[in-house]
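First up is the structure itself, then whatever we jot down about it.
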There are 2 protein chains.
Amino acid sequence: MVRATAADVAREAGVSQPTVSRVFSGASVSEDKVKRVRNAAEKLDYRPNALARSLITGRSRTIGLVVAYFENPFYAEALEQFSTELKKRGYALLLFLATNDKEDADSLVQDLIDRQVDGVVLASISLSGELTQKLRQLHIPLVLFNRGTMDSSISAVTSANVDGAAQVTDYLLDTGHKRIAHIAGWSGSSTGRDRRLGFETAMAARAVTPHAIIEANYFRESAMQACRALVPGDIKQAGTNQTINENSDYEKPDAIFVGNDYMAFAVLDCLRSETNLEVPEDISVVGYDDVLMAAWPAINLTTFRQPARRMVDRTLDVLFELIESTDVDVQHHQIAGELIVRGSSCDRSC
Amino acid sequence: MVRATAADVAREAGVSQPTVSRVFSGASVSEDKVKRVRNAAEKLDYRPNALARSLITGRSRTIGLVVAYFENPFYAEALEQFSTELKKRGYALLLFLATNDKEDADSLVQDLIDRQVDGVVLASISLSGELTQKLRQLHIPLVLFNRGTMDSSISAVTSANVDGAAQVTDYLLDTGHKRIAHIAGWSGSSTGRDRRLGFETAMAARAVTPHAIIEANYFRESAMQACRALVPGDIKQAGTNQTINENSDYEKPDAIFVGNDYMAFAVLDCLRSETNLEVPEDISVVGYDDVLMAAWPAINLTTFRQPARRMVDRTLDVLFELIESTDVDVQHHQIAGELIVRGSSCDRSC
DNA sequence: TTGAAAGCGCTAACAT
DNA sequence: ATGTTAGCGCTTTCAA
């Protein structure tokens, strides 16, 4: 047995095939025929073929999502929200995970184009001008999620990264920290650059020199290396519990502001397992994102909340506005967040 | 400017439209015409419309994946692997996250059917007999991932849960634990039931009575409650650091085997933040899955490795066998895992 | 190998 | 409101 078609149902119900179509797409049909069609459809277990429908309408009710850095739990949380919201709106989700930064976003998006998605969301990844152009020509809306862009013709939703990072920095300064280091995210990303900028700006405004700025690239291992580089004298020597700290006069930072929570977890791990330093007594650690794990008692990370849900909702609002209206209206949204103080930082001023 | 069609390319290249189709679907065409068609296609920026192709071939080169319990990082890891492997095989991924257990898998799968997916994978969720039937009628292969089934006509890939749980239990017994409790996963899931069965069987084989078995449902909060129920006398009283342990003679477990890592993280958190008990000195904690986080120094969880990559690969092998061959060959695969001993457990026998 | 013709299952345009 | 006709962009006969 194969799939019943609208024609089969039409025959069974004694109506024309387009009438069947009308019933299932909500056009006006007399009550009598609606009933006959529904009965016949039920009997034959008919459901409209979404592909055929899409072919002709040009709308697939599918959106494509490309996500990079999926090891960062922030994106898992965002994905969950994307999925939920899209389902609410009657859309399906075609997902590509860019497995590394060398991955060519262009080819993934081309694949999405081939499959006629109605819109594209790129999470923490961006596109060549060529592909952007192509999407525009085909009137396929594109919104960047958690990635800004110089190209003012592309819509993007981010959190207010510069401001957020500045708030974190002000908090650390206000609580008496003197030697604040920053482990920055990848400088090829707007989040990495903006958070660093916020940090530098806030420091400069208070005339404090950063203790150090080390660029990591949002990977766990890079963050661990950066952490080791910040506290070289406190790294335990192999097999012992000793550090070379005592007889050296290097100054370690009294706070590390890390470019995202995922890297901050690595920093906490590094400090706890490879040094004798206590967090927050010896050193404060602050992250960015406020992923769910950050609130777990064992982690308890002070961080800046980047509201994934609101960012996702806004992203889809923008995307669907673009889908539904023809006139172009590019939007750059910055969602405000808030500082969440937990146990990985403390007040040194008293 | 709109999308060029095969007819446009044909006109440009001076060939018939089916010839263009042949070039792009790899049928035999003379070298000369191949070249002309490719040039014309390049010039017009033509790409075949995947929808139109799917409509006629009946194959969309898309597979549908439904995932439940996505808050468990095991599924994020699996999803990453699914995405990577499917891309290698030239397939796209249509994703639905079932947001809770009340979510109706049937309706999600029906949506997948409407969109003509070539195959369906259900991760930690199962389907009504009715929908299973429907998929079979339509010749859409279905494989369950990390979920067993009584229905022997459905293919499923799981890890060897009974055996794995027994290995964990034997390890705890071998290392001198006397009062072993089990926080079980949801009894409505095969993983929950099988791991519990492995625990009970291994305990019985050594004639040891379980200290307690509490069923949680794979949620973090349930695991915390279960943990509190296991060590009631050690829970710190509000605002103090005191427990009612001293003057009560309740016996607490010396080990807790938790139904998965995600819940084990909650148990560790509960013990560390709500009691004065030390892990592993006072109590050993063992999980199941070996998600990446389990190896983080701050967590350092003894667990049983359920090899996500191999499970995913096997799942897709089975799925594509079913897609490519018409003759039904149902397969139930159980992937072996291994015990990973880390710092959340210790040897009490010496 | 190649073109002409047919048709996948549906929606849209146009009568009535 | 509803049937007839046309056609979305492609693959697949069928001849030549």
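Predicted model, so just to flag it, every value in this text is computed and none were measured. Reminder, nothing fancy here: chain letters follow the sequence lines and each chain counts from 1. When reading the values below, keep in mind they use all heavy atoms of this one structure, side chains included, and skip hydrogens, waters and symmetry mates.
- Taking a cutoff of 4.0 Å between a charged side-chain nitrogen and a carboxylate oxygen, K88(B) and D313(B) do not qualify as a salt bridge.
- Straight-line distance from the CG atom of L51(B) to the C1' atom of dC10(D): 11 Å, rounded to whole Å.
- For T5(A) and dG9(C), the shortest distance from a side-chain N or O to OP1 or OP2 is not below 4.0 Å.
- Side chains of D106(A) and Q110(A): a donor-acceptor N/O pair is absent below 3.5 angstrom, by distance only.
- In this structure, CD1 of I56(B) is placed 14 Å from C1' of dC10(C), rounded to the nearest angstrom.
- Place R22(A) and A7(A) on DNA chain C by their nearest nucleotides, and A7(A) ends up nearer the 5' end.
- Between the side chains of D32(A) and S30(A), no donor-acceptor pair of N or O atoms lies under 3.5 Å.
- Here F74(B) and Y69(B) keep their ring centres 6.0 angstrom or further from each other.
- Regarding Q17(A), its CD atom lies at a distance of 11 Å from the C1' atom of dT4(D), rounded to whole Å.
- As judged by a 4.0 angstrom heavy-atom cut-off over every strand, Y46(A) is placed among residues touching the sugar-phosphate backbone only.
- In this structure, S25(B) does not reach the dC10(D) phosphate: none of its side-chain N or O atoms is under 4.0 Å from OP1 or OP2.
- Relative to the side chain of R53(A), the nucleotides dC10(C), dG3(D), dG9(D) differ in distance, and dC10(C) lies closest.
- A straight line from CZ of R59(B) to P of dG9(C) spans 16 Å, rounded to a whole angstrom.
- In this model, the phosphate group of dG9(D) is not approached by any side-chain N or O of S21(B) to a distance below 4.0 Å at OP1 or OP2.
- Under the 4.0 Å criterion applied to side-chain N and carboxylate O atoms, R61(A) and D118(A) are not assigned as salt-bridge partners.
- Nucleotide dT11(D) holds its P atom 13 Å from the CZ atom of R61(B), rounded to whole Å.
- Across dG9(C), dG3(C), dT2(D), the shortest atom-to-atom separation from the side chain of V15(B) is found for dG3(C).
- Phosphate contact (OP1/OP2 of dT1(C), side-chain N/O of K33(B), threshold under 4.0 Å): absent.
- Going from atom CG of D8(B) over to atom C1' of dC8(D) covers 13 Å, rounded to whole Å.
- For V29(B), taking side-chain heavy atoms from C-beta onward, the closest of the listed nucleotides dT12(D), dC10(D), dT2(C) is dT2(C).
- One finds no side-chain N or O of T57(B) lying less than 4.0 angstrom from the OP1 or OP2 phosphate oxygen of dT11(D).
- Straight-line distance from the CG atom of L55(B) to the P atom of dC8(C): 9 Å, rounded to whole Å.
- The side chain of S28(B) places an N or O atom within less than 4.0 Å of a non-bridging phosphate oxygen (OP1 or OP2) of dT1(C).
- Summarising the geometry, the separation between CG on D32(B) and P on dG3(C) is reported as 11 Å, rounded to the nearest angstrom.
- Residue T19(B) is in sugar-phosphate contact alone, with no base atom involved, counting any heavy-atom pair closer than 4.0 Å across all strands shown.
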